[in-house]
Number of protein chains: 2
Amino acid sequence: MHDHSEGHFTGGETVRDIVIGMADGLTVPFALAAGLAGAIASSRLVLTAGGAEIAAGSIAMGLGGFLAARGDAEHYRAERAREQREVVEVPDRERKEVSDLLVEYGLDPIDAEKAAMALSKNEEKWIDFMMRFELGLEEPDPRRALRSGLTIAGAYVVGGIVPLVPYFFIPHATSALPWSAGVTMAALLVFGLLKGRAAGISPVQSAVQTVIVGGLAAAAAFALARAFS
Amino acid sequence: MHDHSEGHFTGGETVRDIVIGMADGLTVPFALAAGLAGAIASSRLVLTAGGAEIAAGSIAMGLGGFLAARGDAEHYRAERAREQREVVEVPDRERKEVSDLLVEYGLDPIDAEKAAMALSKNEEKWIDFMMRFELGLEEPDPRRALRSGLTIAGAYVVGGIVPLVPYFFIPHATSALPWSAGVTMAALLVFGLLKGRAAGISPVQSAVQTVIVGGLAAAAAFALARAFS
């Protein structure tokens with residue numbers, strides 16, 4: 001029925017989760033490694049810190065995503081229970097809310113009241129209507145929480161390994177850093193292009209933005225680590 | 001008019017941004033420092049890595065939040081422009097979409113058509129109606145992007161400094177670690193309680209969850225850093 005609305009939903013949440021995880025995964029471990037390479041000579045120590053950061057970051061973000069999705073589901077259930085109660089306890093007030101809403105959008109009061117009356121005939125559908133149109137809430141998919149958490153964490157790990165690869169092969173951290181920067185910027189560029197395409201915005205603009213975010217974060221971490229040591 | 005809906009909006013976005021930033025800020029730098037304290041003796045190096053992580057993490061998350069909010073605003077504008085076009089080019093189809101929507105919720109077809117006809121009289125309001133009720137999109141506040149980015153980054157920095165404080169005072173990292181763990185768990189507990197209260201869910205459940213997330217992330221980072229070294 002509304003193809004453009006549904007077009008945004010198909011696979012959109014998985015793509016969004018991959019983007020969330022990978023954006024940070026490509027940025028933070030790279031920036032941390034770059035920052036440390038400015039202060040510590042050994043690639044081994046940089047890898048230790050980078051590996052620890054990937055573990056910590058992926059778990060924190062993955063669990064964060066899991067809990068956020070579960071929170072959305074709980075919020076939906078709580079609001080739905082509240083509407084359910086109100087529909088039973090104060091049906092006239094609820095009907096008036098619906099007709100006021102329709103009047104706001106240009107219906108004349110008599111038609112709005114008639115429409116609200118018709119909507120309120122089927123209690124379940126009436127509650128559905130208010131959940132979606134008054135509160136703007138859609139029923140979340142119950143399996144989403146786990147999938148969302150795992151997707152975010154996995155994307156973080158995949159993204160985070162990329163900038164560390166050069167430190168595996170080059171023992172001196174300062175020599176590995178330019179390779180890490182090159183590999184990461186290339187990955188950010190590709191990621192930005194794909195992200196832009198998925199979001200329906202300009203891929204080039206998205207790629208440039210993504211590279212700038214990564215570069216800024218890395219430069220700040222580098223400067224800070226230098227200042228510390 | 002709909003107080004319960006508006007109750008969720010007042011200040012809700014700022015609280016949400018603080019929660020996003022602080023949840024990761026209290027978790028990732030702590031876990032990284034704990035992981036490194038398992039592999040590196042010097043608190044100074046742990047602080048260097050922790051400081052670099054706070055800089056990288058806060059900038060990556062803050063810019064991520066900034067760009068996400070800007071993306072929402074762009075998405076809204078693009079969808080609105082599309083509805084605007086469709087209202088001009090295929091008004092009958094758009095009207096039919098609205099009346100089908102109302103029929104789905106229990107209006108009889110004749111009333112639904114009448115309501116759709118009335119709604120379509122004022123073009124701006126008609127588009128508003130479809131944006132909100134068909135696509136479920138609310139117009140984002142244009143100043144939100146910058147505020148959101150700064151709030152997330154600031155919360156990350158504040159959260160991230162907490163677990164590092166003991167490493168300032170105790171030169172041997174392994175001795176500082178239990179203090180860092182204690183301070184951070186206490187902070188997570190308080191943060192979880194406040195977060196639960198703000199979200200309207202059980203503060204105790206929220207506090208326990210928050211401490212578990214932090215603890216798991218830290219344990220994984222610790223194990224990984226040990227395995228590396």
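Computed from a predicted model, the values in this text were never measured in an experiment. Side chains included, hydrogens not; waters and symmetry mates left out as well; all remaining heavy atoms used. Proteins get letters first, then strands, A, B, ... in listed order; numbering begins at 1 in each.
With a 4.5 Å cut-off on non-hydrogen atoms, Lys121(B) does not touch chain A at all. Of the two parts of Asp128(B), the backbone and the side chain both hold a non-hydrogen atom closer than 4.5 Å to a non-hydrogen atom of chain A. For Ala23(A), no part sits under 4.5 Å from any heavy atom of chain B, backbone or side chain. Looking at Glu53(B), both its backbone and its side chain come within 4.5 Å of chain A, counting heavy atoms on both sides. Heavy atoms of Ile212(B) lying under 4.5 Å from chain A are absent altogether. Contact annotation for Leu119(A): both backbone and side-chain heavy atoms come within less than 4.5 Å of a heavy atom of chain B. Contact of Ala49(B) with chain A is made through backbone and side chain together, with heavy-atom distances under 4.5 Å.
Expressed to the nearest 0.5 Å, how far CE of Met117(A) lies from CG of Asp111(B) amounts to 12.0 Å. For the atom pair Glu104(A) CD and Lys125(B) NZ, the distance stands at 7.5 Å (nearest 0.5 Å). Here Leu32(B) contributes atom CG and Ile54(A) contributes atom CD1; the two are 11.0 Å apart, rounded to the nearest 0.5 Å.
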message = What verdict does the side-chain contact (heavy atoms from CB on, under 4.5 Å) test give for Arg70(B) and Gln209(A), after you've listed the backbone C-alpha separation in whole Å, the side-chain angles of each residue and the deciding distance to 0.1 Å?
response = CA-CA 12 Å; Arg70(B) 250 198 20 192; Gln209(A) 250 177 19; 2.7 Å; yes
- Message: Applying side-chain contact (heavy atoms from CB on, under 4.5 Å) to Thr27(A) and Ile59(B), what does each step give before you reach the verdict?
- Response: CA-CA 9 Å; Thr27(A) 311; Ile59(B) 290 171; over 6 Å; no
- Query: Should Val213(B) and Phe66(A) be marked as a side-chain contact (heavy atoms from CB on, under 4.5 Å) after you check the CA-CA gap, both sets of side-chain angles, and the distance that decides it?
  - Reply: CA-CA 11 Å; Val213(B) 171; Phe66(A) 172 78; over 6 Å; no
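Counted within 6.0 Å of CD on Glu113(A), heavy atoms from surrounding residues, nucleotides or ligands total 12 or fewer; the atom is thus considered open.
Interface check for chain A: of the options Val46(B), Ile20(B), Leu36(B), the most heavy-atom pairs under 4.5 Å are formed by Leu36(B). The greatest number of non-hydrogen atom pairs below 4.5 Å with chain A, out of Asp24(B), Val19(B), Leu63(B), is found for Leu63(B). Most heavy-atom pairs under 4.5 Å with chain B, from the set Ala56(A), Ala31(A), Ala118(A), Ala34(A): that is Ala56(A).
Contact record, Gly57(B) with Val28(A): CA-CG2, 4.0 Å, taken as the closest heavy-atom pair.
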